[in-house]
Amino acid sequence: MGPEEIKKLPAAASLLYADGLKQEEMNRPFIAIANSFNEITPGHIHLNKLGEAAKKGIREAGGIPFEFHTIAVCDGIAMGHEGMKLSLPSRETIADSIEEMVASHGVFAGVVFIAGCDKNAPGHLKAAARLNLPSVFVSAGPMAAGLYQGKKVGVKAAFEAKARLENKKISEEEYQKIVCSACPGPGTCAGLYTANSMACITEALGLSLPMCATTAALDKEKQRIAFESGKLVVELVKRGLTARKIMTEGAFENALRLDMAIGASTNTMLHVPDIAKEAGFEFDLNRINELSENTPNLVKLDPSSNYFMEDLHAAGGIPAVMAELKLKGLVQNTQTVEGKMFDRLINAKVKNKEVIRPIERPYSKSGGISILYGNLAEKGSVIKTSGISPEFPNVFEGKAAVFDSEEQANGFIAEGKVEKGSVIVIRYEGPIGGPGMREMLYPTAGISGLGLDPYVALITDGRFSGATHGASIGHVAPEAAVGGNLALVQNGDRIKIDLPKRRIDLLVDAKELEKRREEWRKSFKLKYLPEGVLRNYRRRFL
């Protein structure tokens, strides 16, 4: 039964009139606005205004808007404690709740998605693929970069300041000044972290208007984009252009190439394949590596450089990056919300060739993210190659320092015990072991704050924030909690990271590993969680 038929059901019609609708409005297209506005998450505290702008656009185009809100976790506030375990599960809560809200009522002809932070935007994208209604996305927009001692800074500076304070490299007064300067106002964190990475990917998919991803949260242009998106979704309803007609296999390839070109967050390697799966496509890690191998890295933003999202916007934004990729035939002419991808790129120009490198002069010939395999990651692991220090060797062999939780590793780093040539191993932080697969920006920021990026690697079955840089290898699979070889590493073991060969190996012979495995099987027990979201999340993987 379609929206028009549902409106004719007597109880449905009566209850819709209770919402204040007039009888003549029942024949207009009803448009849902899934808005993640809330008053705790800086990336979302301004989204009520974008919602109002979208409503005006919907009404002007002849539609009837209905707004509802979704949850949104701020990973920066959740970071470094047990709360981070709930962040990744929130993606599923968001996707499920939007699907339930829209599909259960059955009266909606289209949806405007207004999304921001790390798991929020992926949850909205998954819901869009499931619902397959005419859909337009409005991303929250980045916050302005902070300013400290005349230099642009972002939230990464606040994380790194903690390690510097603990090791007496800065005073308490300087620490407080950095913390107070890093995040000056509303918007998603100013660097190319996960939230902004997913906004860029959404634009590359063709689901948001051009320049939407990089337009700042408080820029008046953002209001215009929200208004135009509201108008546009009504037009898409008339044309019958649904989300999956845009979320094609070619669109996902465009998005993944854009991901590699800008050196986006490693979290995209969790989100994009899952979103694609909702749309009916499989993108495994091997295919991602294939795309990465011939997609040049053209952009480095904070945390990998001193440029921020505002600099990418001024340099031409996502259209300019994709126009460079198009020069080498690396962009497909897919459908977008307003037309065709190539039409979007006709007038796109790079306005700053240091922020967006010409394709003839990339940072590297391959993409900013790589998938590593080996006996420590038989099913793969992820590293942000664009964030590695230039001084870090292509082949690195170091001595393992092993920790069974993030808290243990944080304490070790805070005490200044990290030695050059170390490989920090943090295990039992995966989807099952955590549970919840925490992001771990505090340990990586601690290493960076101590100036050890060129000399130390970090490996985990958990995740990293998009603000992480350095030789940080995450998403190690199989995870330690299910008997992956990460569980068998001991202090002092040698670990080899071969970036050209894309391998990560524990240099311990097979007989010794089997002996350790038998001992592990006898002694290991999962941490018990008696109730709640995390228990349910763990069950999905067991």
Where the side chain of [X] meets the backbone of [Y], is there a donor-acceptor pair that is under 3.5 Å apart?
X    : Y    : answer
T188 : A195 : no
N254 : A204 : no
R463 : M437 : yes
S265 : N267 : yes
N352 : V355 : yes

Evaluation steps, side-chain contact (heavy atoms from CB on, under 4.5 Å), between S366 and M260: CA-CA 8 Å; S366 59; M260 302 302 169; over 6 Å; no
Is the closest side-chain heavy-atom distance between [X] and [Y] below 4.5 Å?
X    : Y    : answer
M322 : R257 : no
L312 : I318 : yes
E82  : K85  : yes
K384 : F464 : no
K231 : I58  : no
T194 : D75  : no
P134 : V111 : no
S381 : L372 : yes

Any salt bridge linking [X] with [Y]? Criterion: basic side-chain nitrogen under 4.0 Å from a carboxylate oxygen.
X    : Y    : value
K56  : E228 : no
E92  : K126 : yes
K55  : E60  : no
R91  : D118 : no
E324 : R357 : no
R224 : E221 : yes
K177 : E174 : no
D96  : R130 : yes
R239 : E338 : no

Inter-residue atom distance [X].[atom1] - [Y].[atom2], 0.5 Å rounding:
X    : Y    : atom1 : atom2 : result
D274 : L125 : CG    : CG    : 11.5 Å
L330 : E253 : CG    : CD    : 10.5 Å
L88  : T93  : CG    : OG1   : 10.0 Å
N333 : F342 : CG    : CZ    : 4.5 Å
L133 : I31  : CG    : CD1   : 9.0 Å
L47  : S36  : CG    : OG    : 5.0 Å

Member of R287, K277, R244 meeting the salt bridge (charged side-chain N to carboxylate O under 4.0 Å, His left out) criterion with E249: R287
Of all the heavy-atom pairs spanning [X] and [Y], show the shortest one and how long it is.
X    : Y    : value
L298 : Y363 : O-CE1, 3.6 Å
T334 : G250 : CG2-C, 3.7 Å
P358 : K353 : CD-O, 3.7 Å
P42  : I77  : CD-CD1, 4.5 Å
A115 : A121 : CB-CA, 3.8 Å
Y442 : K162 : CE2-CD, 3.5 Å

Please walk me through it: do H44 and F37 pass ring pair (Phe, Tyr, Trp, His ring centres under 6.0 Å)? CA-CA 5 Å; H44 300 80; F37 163 75; 9.1 Å; no
Distance alone, cut at 3.5 Å: any donor-acceptor contact between the side chains of [X] and [Y]?
X    : Y    : value
S448 : D453 : yes
E67  : N35  : yes
D302 : Y193 : yes

Could you check whether atom [atom1] of [X] has more than 12 heavy atoms from other residues, nucleotides or ligands sitting under 6.0 Å from it?
X    : atom1 : result
N347 : CG    : no
K49  : NZ    : no
K340 : NZ    : yes

List the steps and the verdict of side-chain contact (heavy atoms from CB on, under 4.5 Å) for L205 and I246. CA-CA 7 Å; L205 279 170; I246 295 172; 5.6 Å; no
Mind checking whether F66 and F108 have parallel, tilted or perpendicular rings, split at 30° and 60°?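 Correct class here is perpendicular.
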Check against side-chain contact (heavy atoms from CB on, under 4.5 Å), T70 and N120: CA-CA 8 Å; T70 72; N120 183 257; 3.6 Å; yes
Given side-chain contact (heavy atoms from CB on, under 4.5 Å), test I94 with I71 step by step and report yes or no. CA-CA 7 Å; I94 292 161; I71 65 167; 3.6 Å; yes
